[in-house]
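Right, one structure below, let's go through it.
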There are 2 protein chains.
Amino acid sequence: MTEGPAQQRRTSLRFAILGLLTRRPATGYDIKRDFDRTIGYAWNAHDSQIYPELRRLEEEGLIRPEATKPDGRRRRTYRVTAGGRKRLRAWLAAPAERGFQRDEFLLRLFFLQLLTPPERASVLRLEAGRLEDELRLLETVLGPFDRSGAAADTSHALRWQLAAARVFEASTRARLASVRQLLEESEAGG
Amino acid sequence: MTEGPAQQRRTSLRFAILGLLTRRPATGYDIKRDFDRTIGYAWNAHDSQIYPELRRLEEEGLIRPEATKPDGRRRRTYRVTAGGRKRLRAWLAAPAERGFQRDEFLLRLFFLQLLTPPERASVLRLEAGRLEDELRLLETVLGPFDRSGAAADTSHALRWQLAAARVFEASTRARLASVRQLLEESEAGG
DNA sequence: TTTACCATGTAAAGAGTTACATGATTCC
DNA sequence: GGAATCATGTAACTCTTTACATGGTAAA
């Protein structure tokens, strides 16, 4: 009973990193940028979380560093191993674990009664602005590829990346519409 | 420079708790249930997080325990203080801090290319089912009050609680529609 | 030469989850 | 008498953020 089996890491961060590494070998720095530029709307992490996770993944044999040319520059470029790919696929196919949802805006909205009408309108306007910013940012992510073309070609490697962005876009737009409607109602009758 | 000012707590948990306590005095146990029954789709916490937070809120004077009747039963019922209300209102009116979004399903979707077509369909079906469950659960939350009536009366205290649920519902439905469409495309052409 | 970008970390603390532990009351 | 519910916590661990720290390379 004193047995201490390695605790299972449940986080998605490691799988996000493994996934990005299937696209190309990369350094920790590259991975951070790839988050920002491609999948940041769904997952992201700070450098200080990425580097230790890379070390753990290496220790577990899920990734390995490329042979480094001694150019005097400190740099580790990683690749996914066969074992890493296997683990990633297993995670992708597994049902998502159910945890609590956390949504700070909805929490505020729930208690908005406690503010004055002008304060309420301000909160709603801020959220609408934030959602608009997100949609604008998403356009930059979607820019690189031709949207309709990639969507039609079902065998295209970018199809699912595009699909993820589209799902995010759709729910963000729905939310923006709801918030705008609340704002109108609030300015008219509240 | 050795000064150690109390670290600011950035979490929304304390405000969720303060908010619930504006609705009625409650024990930690009550608060847990209120989360589950009212605002759980937007914020929630385990007992083991709620009890220590209640202690901290009490220490900071934001809530206070009611005088306990000595009925032999260990129980602390809390109320919000004037200071607590003030802090809650300040948080409600403040712009939300921008952090990273985290969405495990979108992360999976982004890398779905790595699975076989039947595995992909399975992942999509699971997510559709999960979203349907969420909508069904939301109906239970919305049941207690007459929806159209509460929405029309802009001065009603429940109006904003209903609004929060409606925004959540709208974005969940949009997401479900997107996922179903991907499923159809995937079953037809993939 | 200085600014922007490339590159990698450690330390400390806060936030959240899981497992464990205890005991009273109420309803059947 | 047993099960469900009420009620409160501690310990250990994992996950995430913030602050700090360092140094190389490339372009203007």
Side-chain angles (χ1 to χ4, degrees), chain A residues 1-17 25-37 40 43-58 60 65-66 68-78 97-104 107, chain B residues 1-17 25-37 40 43-58 60 65-66 68-78 97-104 107:
Chain A
M1 298 302 187
T2 47
E3 186 71 26
Q7 300 293 330
Q8 259 304 106
R9 300 210 154 244
R10 311 165 216 48
T11 182
S12 306
L13 175 60
R14 51 180 29 221
F15 300 111
I17 291 175
T27 65
Y29 190 87
D30 293 331
I31 287 167
K32 174 57 183 156
R33 273 197 321 187
D34 287 349
F35 269 122
D36 292 340
R37 293 178 184 173
W43 211 274
N44 210 332
H46 294 278
D47 308 1
S48 56
Q49 205 184 354
I50 292 170
Y51 288 109
E53 192 65 46
L54 283 170
R55 289 304 174 122
R56 281 190 290 265
L57 288 169
E58 188 188 341
E60 294 173 43
E66 277 185 353
T68 42
K69 301 179 191 77
D71 61 350
R73 196 150 157 186
R74 180 169 75 150
R75 188 203 303 154
R76 286 171 84 80
T77 303
Y78 291 97
E97 291 168 47
R98 289 285 278 125
F100 294 142
Q101 307 280 324
R102 292 208 167 81
D103 190 318
E104 205 176 297
L107 184 60
Chain B
M1 298 303 186
T2 47
E3 186 70 25
Q7 300 294 331
Q8 258 305 105
R9 301 209 152 244
R10 307 165 216 50
T11 183
S12 306
L13 174 59
R14 50 178 32 216
F15 300 109
I17 291 175
T27 65
Y29 190 88
D30 294 331
I31 288 167
K32 174 57 184 158
R33 272 198 321 188
D34 287 350
F35 268 122
D36 292 340
R37 291 178 186 174
W43 211 273
N44 210 331
H46 294 278
D47 307 0
S48 56
Q49 205 184 354
I50 292 170
Y51 288 108
E53 191 65 44
L54 284 169
R55 290 304 174 122
R56 281 190 290 264
L57 289 169
E58 188 188 342
E60 294 173 43
E66 276 183 354
T68 43
K69 302 178 190 76
D71 60 350
R73 196 148 157 188
R74 178 168 75 150
R75 190 202 302 154
R76 288 171 83 79
T77 304
Y78 291 97
E97 291 169 48
R98 290 286 278 124
F100 295 142
Q101 308 279 323
R102 291 209 167 80
D103 188 319
E104 204 175 299
L107 184 60

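We name chains A, B, ... by the order of the sequence lines, and we start the count at 1 in each one. It should be emphasised that the depicted structure is a prediction, and the values quoted were computed from it without experimental measurement.
- Between Arg33(B) and Asp30(B) there is a salt bridge, since a side-chain N of the basic residue sits under 4.0 Å from a carboxylate O of the acidic one.
- If you take CD1 of Ile50(B) and P of dG9(D), they are 12 Å apart, rounded to a whole angstrom.
- Backbone-only contact: Arg55(B) has heavy atoms under 4.0 Å from sugar-phosphate atoms and none from a base.
- Across dT17(C), dG9(D), dG9(C), the shortest atom-to-atom separation from the side chain of Tyr51(B) is found for dG9(D).
- Across the interface with DNA chain D, nearest-nucleotide mapping of Glu53(A) and Asp30(B) shows Asp30(B) to be the residue nearer the 5′ end.
- With Lys32(B) as reference, Asn44(B) is the one residue of Thr27(B), Asn44(B), Asp47(B) to meet the side chain to side chain donor-acceptor pair (under 3.5 Å) rule.
- Proximity of His46(B) to the phosphate of dG16(C): no side-chain N or O atom is located under 4.0 Å from OP1 or OP2.
- One can place CG of Asp47(A) at 19 Å from P of dC15(D), the figure rounded to the nearest angstrom.
- No N or O donor and acceptor, one from the side chain of Thr11(A) and one from the base of dT16(D), sit under 3.5 Å apart.
- Listed candidates were dG16(C), dT18(D), dA7(C). Nearest to the side chain of Arg102(A) is dG16(C).
- Looking at Glu58(A) and Arg76(A), a side-chain N of the basic residue comes within less than 4.0 Å of a carboxylate O on the acidic one, giving a salt bridge.
- With the nearest nucleotide of DNA chain C identified for both Glu97(A) and Arg56(B), Arg56(B) has the one nearer the 5' end.
- Nearest nucleotide to the Ser48(A) side chain, out of dA11(C), dT17(C), dT8(C): dA11(C).
- Between Arg75(B) and dA7(D) there is a side-chain N or O to OP1 or OP2 distance below 4.0 Å.
- Evaluation of atom-type donor-acceptor distances gives no pair under 3.5 Å for the side chain of Thr27(A) against the base of dT8(C).
- You'll find that the side chain of Gln49(B) is closest to dT17(C), out of dA7(C), dT17(C), dT8(D).
- Side-chain atoms of Arg76(A) lie closest to dT8(C) of the nucleotides dG16(C), dT16(D), dT8(C).
- Counting to the nearest Å, the C1' atom of dG16(C) and the CZ atom of Phe100(B) are 18 Å from each other.
- Between Arg33(A) and the phosphate of dC6(C), there is a side-chain N or O to OP1/OP2 separation shorter than 4.0 Å.
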